[in-house]
S.K.: 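Have a look at this one before I ask anything.
Here is how names work: the chains are called A, B, and so on, in the same order as the sequence lines, proteins then strands, and each is numbered from 1.
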Amino acid sequence: MIEITNLSKVFTLHNQGSAVIPVMAGAALSVTPGECVGLTGRSGSGKSTLMRMIYGNYLAAGGSIRVGDLDVARAAPREIIRLRREVLGYVSQFLRVVPRVPTLDVVAEPLLQLGVPVDAARARAADLLARLNIAERLWGLSPTTFSGGEQQRVNIARGFAHPYPALLLDEPTASLDAANREVVLGLIEEAKARGAAIVGIFHDEAARDRVCDRLVDVTGFTPRLAA
Amino acid sequence: MTGGQNSLKNFGAPAQGDRAMGAVDMDTCAKVKEDRPLLSVQGVMKLYGSRIGCTDVTFDLFPGEVLGIVGESGSGKSTLLGCLAGHLKPDAGRILYDGRDMGALGEPERRRLSRTEWAFVHQNARDGLRMGVSAGGNVGERLMAVGARNYAAIRDTATDWLGRVEIAADRIDDRPSAFSGGMQQRLQIARNLVTGPRLVFMDEPTGGLDVSVQARLLDLLRGLVRDLGLSVVIVTHDLAVVRLLADRLMVMKSGRVVEQGLTDQVLDDPQHGYTQLLVSSVLQV
């Protein structure tokens, strides 16, 4: 479902002496449907960079990133938009929403984008919010005023609203208490059971051991510093 | 590209099926069936004497897509918007709307298009509204311009649209001069969208509004774009606005497009020095 070969990434900072910083080279990764692969490596080793490249958020310098049968590294913006809408979900660490939009609508939005009727989309959103223990009295409020843990759970509800065939999870259990962590791990296990291919970053080792079928250390993709 | 579309849909159906999926697939088909650009811009240039307004601008806009154009003042973004909307005549290049060459189109036909299939939302609502006419009249007038004659039906449609842009029905007979800036802007949007355009040009639609009013307007615009399947070209200097509204982003400097791509990619991984400067200059709140 996700097939990465010989992927590289370079940042060129034009306004800082045109510094050229190679951050990734020769990255390879393969994730089959129903499989969850955990990315490991110390902070700054490129876990999030790799994830952002799969999502099309960072441009690749070379190599290919096949998700389904689209090569994200070469795809046109509108192909990536369609991929994100239908195939590839992403739960980032931060919630980014239009201010003043009610939480229920924030969670339902990915479904509305797909043309799901409003009632059905809101019902699905309500299910997820209830499951993630977001009090019903908060559903009509914008999540921008919520606590970090609440925002994280809203973000997760939004990311799981549509049954994406492929999912990227960046620290989905960070800043959650034990009960909510359990709910999120359950959602991940269900996604795997229905055949989703998942790439995740988990600093929570117990969570990682439970849902990941395999670990890939991205340190191996860090280019050697030129001597 | 054409092959990718069907295969993507297959991936949309999970192995074990889901009650919601049937509906998703059908609507998805409807949404992606049009694979022809609504607006195709090819090498457009506009000169002011010997000075370049904009040059070498090329892009395609597809049905349902929102394209953001950013750049500092004087970068040529408003000139380009003027060319696209037919307010300015390009000195070189072609603009195809729905396959028709706009340069070859006669003035009456162009006017008909701008009344029926296009809309233009000005930064200053006063430029897009008739200030001496009631709110309902502002909306109804557009309907009459495309041939509506039944007074009751026009008033009903106007009331419905005022509701959609969150203007209370009891303000229908008030003049826009009695409205706040945010309300005027929402009225301008209702006036523009009532005739069911396919392509909407927006020039700094949230400029000059309070942040709280801006947020509400952004949410309204997103909902309308999604529900009506509008294609939009939005010019702004506000990167936060394009991040929330635009699918794709074009960055202009000195009349040229220096970078274009997926909005979040251009903002999070800018490739051109100017875009990097622009992104890194935004004050963090």
S.K.: Which atom pair, heavy atoms only, marks the closest approach of B:D269 to A:L59?
M.R.: OD2-N, 2.8 Å

S.K.: Would the number of heavy atoms belonging to other residues, nucleotides or ligands and lying under 6.0 Å from CZ of B:R164 be above 12?
M.R.: yes

S.K.: Given that the side chain runs from C-beta out, which part of B:Q271 has a heavy atom under 4.5 Å from chain A: side chain, backbone, both or neither?
M.R.: both

S.K.: Which bit of B:E65 is near chain A, if near means a heavy-atom gap under 4.5 Å: side chain, backbone, both or neither?
M.R.: side chain

S.K.: Under 4.5 Å, heavy atom to heavy atom: which of residues 145-154 of chain A reach chain B? Give them by number, or say none.
M.R.: none

S.K.: Report the C-alpha distance between B:Q265 and A:R52 in whole Å, list the side-chain angles of each, state the deciding distance to 0.1 Å, and finish with yes or no for side chain to side chain contact (heavy atoms under 4.5 Å, CB included).
M.R.: CA-CA 9 Å; B:Q265 180 264 303; A:R52 282 165 171 257; over 6 Å; no

S.K.: Determine the minimum heavy-atom distance between B:H272 and A:H14, stating which atoms define it.
M.R.: C-CD2, 3.8 Å

S.K.: Rounded to the nearest 0.5 Å, how far apart are CD1 of A:I81 and CZ of B:F62?
M.R.: 10.5 Å

S.K.: What are the two closest non-hydrogen atoms of A:T12 and B:Q276, and how far apart are they?
M.R.: O-NE2, 2.7 Å

S.K.: Just so I know, are the side chains of B:D264 and A:R96 near enough to count as touching, which here means a heavy-atom distance under 4.5 Å?
M.R.: no

S.K.: Could you have a look at B:D227, B:T263, B:L218, B:D268 and say which one has the most heavy-atom pairs with chain A under 4.5 angstrom?
M.R.: B:D268

S.K.: With heavy-atom distances below 4.5 Å as the criterion, would you say the side chains of A:R100 and B:D219 are in contact?
M.R.: no

S.K.: For B:L262 and A:P77, work out which heavy atoms get closest and say how close.
M.R.: CD1-O, 3.5 Å

S.K.: Are any side-chain N or O atoms of B:D247 and backbone N or O atoms of A:R78, one a donor and one an acceptor, separated by less than 3.5 Å?
M.R.: no

S.K.: Of all the heavy-atom pairs spanning A:Q113 and B:R226, show the shortest one and how long it is.
M.R.: N-CD, 4.0 Å

S.K.: Count the heavy-atom pairs under 4.5 Å between each of B:G273, B:P270, B:G223, B:G261 and chain A, then report the option with the highest count.
M.R.: B:G273

S.K.: So how far is it from B:R248 CZ to A:I80 CD1, rounded to the nearest 0.5 Å?
M.R.: 11.5 Å

